[in-house]
Engineer: 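Please find one structure pasted underneath; my questions will follow.
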2 protein chains.
Amino acid sequence: MRHAANLTGVRVVIARCEVDYAGRLTAHLPMAPRLIMVKKDGAVSVHADDRAYKPLNWMSPPCTLSVTAPAPSQPGEDPAGAPLEELWLVKGRDGETLKIAIAEILDDHEYDLGVDPGLEKDGVEAHLQALLAENPGVFGTGYRLVTREYRTPIGPVDLLLRDGDGGYVAVEVKRRGEIDGVEQLTRYVELMNRDPQLSPVSGVFAAQLIKPQAAVLARDRGLSCLTVDYDALRGMDNAEDRLF
Amino acid sequence: MRHAANLTGVRVVIARCEVDYAGRLTAHLPMAPRLIMVKKDGAVSVHADDRAYKPLNWMSPPCTLSVTAPAPSQPGEDPAGAPLEELWLVKGRDGETLKIAIAEILDDHEYDLGVDPGLEKDGVEAHLQALLAENPGVFGTGYRLVTREYRTPIGPVDLLLRDGDGGYVAVEVKRRGEIDGVEQLTRYVELMNRDPQLSPVSGVFAAQLIKPQAAVLARDRGLSCLTVDYDALRGMDNAEDRLF
DNA sequence: GCGTCGATGTCGGGA
DNA sequence: TCCCGACGTCGACGC
């Protein structure tokens, strides 16, 4: 048996193989030609030529790959009768296992890609929160920002505002508003209303898109909803920028 | 410009490339060597040799790939000054775009894997729910199934039963019972109890494994817990099968 | 280390 | 088709 050599890059193997995963569930793939990718971080993934970028089966790091070359006429044969070329055993962290029985290797390459310089993202929830913090007026006339990430014992409230009458307003910001977010805001508002320094505190659920069920639950909990137009908000920012 | 040829399989390209995604967010990858996979379903994914099975950037089908070979000294050059070898443009469904500027193709292979015979899974929540629906007796003597996926304005209740006295019982099924599931069941039971046609409705939290915190919360909410033995339940099914 | 929460989540089922 | 919740969710971040 030989252990996986230290990869200096990514390895791509094309092989007829049969795959068995056992871990959080069990899954089986019958013998067929597939693409197997082994990354430098140890990850092993088995791809068909569909299912978008997702593999049929995989093992996430940390995991170890060991390869055995079974002697002919050993148990574990190709259903067609031919002996297996290799048997790969990938062991994951909680005793998860991925077994890849390879009947025939059709191609095998390794490429050294070096360290990737990394990915830059824009337009995620953090950005939405920042835009709302800079434009509290979208919540109503006279609304002012008190603070972002207001700390409570059960977690940070995304935005704390005061409305035109000076009353506190807790805002939960989401890109997509779903029921979980309403639960979260409910807990915050309930807790903050126990503080006589803050009470009465109202709650606003702000998101680019609010699902109907979440809106129903929010109304039932006495919370307001605000659907945010991200592009318009960014436009307001630009408009303000031009004023100065 | 040439459009992507009809792939008969999966294509793997190793190339120095720069990537820009614009769609649900915007993201940028500076020039570096990477692995690009193009599947027969149209999916394009750009991998580094880490991040487990997930690509740095991708486009899910349906999408179209078109490739241009820019003339030397055209705009869009390699920062190093060398001309680009190819420019790939992947268009997704809501105007999403993925641009891959390729400075140098280091390797390029295509493999015909054929249609994959597919994946067999076992042990997921849907299966557990089905088994419980077929064996309402595990909840208690005289329990009968009313319906699966009983609709409420805030979401579907996994199972609606009637107990031996004719009272309604709402069941939330989970593979792993955690606090979220208890919250979910609480909302359903509370809502259903406002309906005089249903009230009084009791709640049962059923899971293969119920975390202690979830059990405590369930008790506090007046909900029952049922720890389900998946294998035994499957065995009951088999036993019943053998009777007929 | 564990719990919480976001995600270009992706995927599958029911209306 | 859309809507909605599960997922082998995976990862990032905070305590």
Side-chain angles (χ1 to χ4, degrees), chain A residues 20-27 41 43 45 50-61 63 90 92-98 119 121-129 149 151 153-156 158 172-181 183-184 187 207-209 211-214, chain B residues 19-28 43-46 50-61 63 90 92-98 119 121-130 147-158 172-176 178-181 184 207 211 213:
Chain A
D20 281 282
Y21 166 78
R24 309 187 219 192
L25 55 63
T26 60
D41 65 3
S45 50
D50 59 357
R51 288 172 172 74
Y53 72 71
K54 202 168 188 196
L56 291 162
N57 231 322
W58 70 92
M59 185 67 75
S60 298
C63 62
V90 190
R93 78 178 317 156
D94 295 320
E96 285 182 300
T97 57
L98 185 68
L119 182 68
K121 287 185 181 183
D122 184 18
V124 291
E125 178 186 324
H127 198 190
L128 190 59
Q129 189 196 116
E149 302 288 343
R151 292 276 158 180
I154 56 169
D158 288 335
E172 178 65 32
V173 180
K174 293 273 183 247
R175 210 164 47 80
R176 297 184 189 192
E178 304 182 21
I179 278 184
D180 279 1
E183 294 286 17
Q184 206 176 334
R187 291 194 293 270
Q208 279 181 272
L209 177 74
K211 300 212 171 177
Q213 296 179 340
Chain B
V19 183
D20 282 283
Y21 166 77
R24 305 181 227 193
L25 54 63
T26 61
H28 174 75
V44 179
S45 50
V46 180
D50 59 357
R51 277 158 232 246
Y53 70 72
K54 200 167 191 196
L56 292 162
N57 230 321
W58 69 93
M59 184 69 72
S60 298
C63 61
V90 190
R93 77 177 318 156
D94 295 320
E96 284 182 301
T97 58
L98 185 68
L119 181 68
K121 284 187 182 181
D122 187 15
V124 293
E125 177 185 322
H127 197 189
L128 191 60
Q129 190 197 114
T147 186
R148 292 173 64 177
E149 304 287 343
Y150 176 79
R151 293 276 157 181
T152 78
I154 55 169
V157 176
D158 288 335
E172 178 63 34
V173 180
K174 293 274 182 244
R175 208 164 45 78
R176 298 183 190 193
E178 304 183 20
I179 280 187
D180 277 3
Q184 205 176 336
K211 298 210 172 177
Q213 297 176 340

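Please read these numbers as outputs of a predicted model, since none were measured by experiment. Order of the sequence lines sets the chain letters (A, B, ...), proteins ahead of strands, with each chain counted from 1.
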Engineer: Quick one: closest heavy-atom pair of A/Trp58 and A/Leu98, and the distance?
Structural biologist: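 Smallest heavy-atom distance, with atoms named: C-CD2, 3.8 Å.
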
Engineer: Under 4.0 Å between a side-chain N/O of B/Lys174 and OP1 or OP2 of D/dA6, yes or no?
Structural biologist: yes

Engineer: Rounded to the Å, how far apart are A/Glu178 CD and C/dT10 C1'?
Structural biologist: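 Taking CD of A/Glu178 and C1' of C/dT10, I get 14 Å after rounding.
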
Engineer: Sequence neighbours excluded, which residues qualify as side-chain hydrogen bond (donor to acceptor under 3.5 Å, both in side chains) partners of A/Glu183?
Structural biologist: A/Arg221, B/Arg187

Engineer: Distance check needed: C/dT8 P versus A/His127 NE2, whole Å only.
Structural biologist: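 Whole-Å distance recorded here is 15 Å.
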
Engineer: Out of C/dC5, C/dT8, D/dA6, which nucleotide sits closest to the side chain of B/Glu96?
Structural biologist: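 Nearest nucleotide to the side chain: C/dT8.
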
Engineer: Can you measure A/Lys121 atom NZ to D/dA12 atom C1' for me and round it to whole angstrom units?
Structural biologist: 10 Å

Engineer: Give the rounded distance in Å between these two atoms: CZ of A/Arg24 and P of D/dG8.
Structural biologist: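 Taking atom P of D/dG8 as the reference, CZ of A/Arg24 is at 9 Å.
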
Engineer: Taking side-chain hydrogen bond (donor to acceptor under 3.5 Å, both in side chains) as the definition, give me every residue that meets it alongside A/Arg93, ordered by chain and number, with sequence neighbours left out.
Structural biologist: none

Engineer: Can you check the distance between C/dC11 and D/dG11, where both ends of the measurement are the P atom (answer in whole Å)?
Structural biologist: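 Looking at atom P only, C/dC11 and D/dG11 are 15 Å apart.
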
Engineer: State which residues pass side-chain contact (heavy atoms from CB on, under 4.5 Å) with A/Leu209; sequence neighbours excluded, sorted by chain then number.
Structural biologist: none

Engineer: Quick one: salt bridge (charged side-chain N to carboxylate O under 4.0 Å, His left out) partners of A/Lys211, sequence neighbours excluded?
Structural biologist: A/Glu178

Engineer: Write down the distance between CZ (A/Arg93) and P (D/dG11), rounded to a whole number of angstrom.
Structural biologist: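 So the CZ-P distance, A/Arg93 to D/dG11, works out to 12 Å.
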
Engineer: When the P atoms of D/dG8 and D/dC4 are compared, how many Å lie between them, rounded to an integer?
Structural biologist: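 Between the two P atoms, the distance is 22 Å.
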
Engineer: Among C/dT10, C/dA7, D/dG8, which nucleotide has an atom closest to any side-chain atom of A/Asn57?
Structural biologist: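 Nucleotide nearest to A/Asn57's side chain: D/dG8.
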
Engineer: Round to a whole Å and report the spacing from CG of B/Leu119 to C1' of D/dG8.
Structural biologist: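 From B/Leu119 CG to D/dG8 C1': 11 Å.
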
Engineer: May I ask you to evaluate whether A/Arg176 reaches the phosphate of C/dT8, defined as a side-chain N or O under 4.0 Å from OP1 or OP2?
Structural biologist: no

Engineer: Identify, with sequence neighbours excluded, every residue that meets side-chain hydrogen bond (donor to acceptor under 3.5 Å, both in side chains) alongside A/Gln129.
Structural biologist: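 With neighbours one apart ignored, the set is A/Arg148, A/Glu149.
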
Engineer: A/Asp41 CG to D/dG11 P: how many Å, rounded?
Structural biologist: 9 Å

Engineer: Can you check nucleotides 11-15 of chain C for protein contacts, nitrogen or oxygen pairs under 3.5 Å, and list what you find?
Structural biologist:
residue, atom, partner, partner atom, Å
C/dC11, OP1, A/Arg51, O, 3.4

Engineer: Which residues pass the salt bridge (charged side-chain N to carboxylate O under 4.0 Å, His left out) test with A/Glu96, not counting sequence neighbours?
Structural biologist: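 If we apply the salt bridge (charged side-chain N to carboxylate O under 4.0 Å, His left out) test to A/Glu96, skipping adjacent residues, the hits are A/Arg24.
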
Engineer: With heavy-atom distances below 4.5 Å as the criterion, would you say the side chains of A/His127 and B/Leu25 are in contact?
Structural biologist: no

Engineer: Can you tell me if B/Trp58 touches the phosphate of C/dT10, counting only side-chain N or O atoms and a distance under 4.0 Å to OP1 or OP2?
Structural biologist: yes

Engineer: Go nucleotide by nucleotide along DNA chain C from the 5' end; which of B/Tyr21 and A/Arg187 gets its closest nucleotide reached first?
Structural biologist: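 Closest to the 5' end, via its nearest nucleotide, is A/Arg187.
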
Engineer: Would you tell me if any nitrogen or oxygen in the side chain of A/Gln184 comes within less than 4.0 Å of OP1 or OP2 on C/dC5?
Structural biologist: yes

Engineer: Quick check: does any side chain N or O of A/Asp122 sit under 3.5 Å from a backbone N or O of B/Thr26, one acting as donor and the other as acceptor?
Structural biologist: no

Engineer: Checking B/Asp20 now: which residues fulfil side-chain hydrogen bond (donor to acceptor under 3.5 Å, both in side chains) with it, not counting sequence neighbours?
Structural biologist: B/His28

Engineer: If you write DNA chain D from 5' to 3' in dot-bracket form, with Watson-Crick or G-U pairs under 3.5 Å, [ ] for crossing pairs and | for pairs with another strand, what do you get?
Structural biologist: |||||||.|||||||

Engineer: Nearest-Å distance, CG (A/Leu25) to P (D/dC10)?
Structural biologist: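 The answer, rounded to whole Å, is 11 Å.
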
Engineer: For nucleotides C/dC5 and C/dG9, find the distance between their C1' atoms and express it as a whole number of Å.
Structural biologist: 13 Å

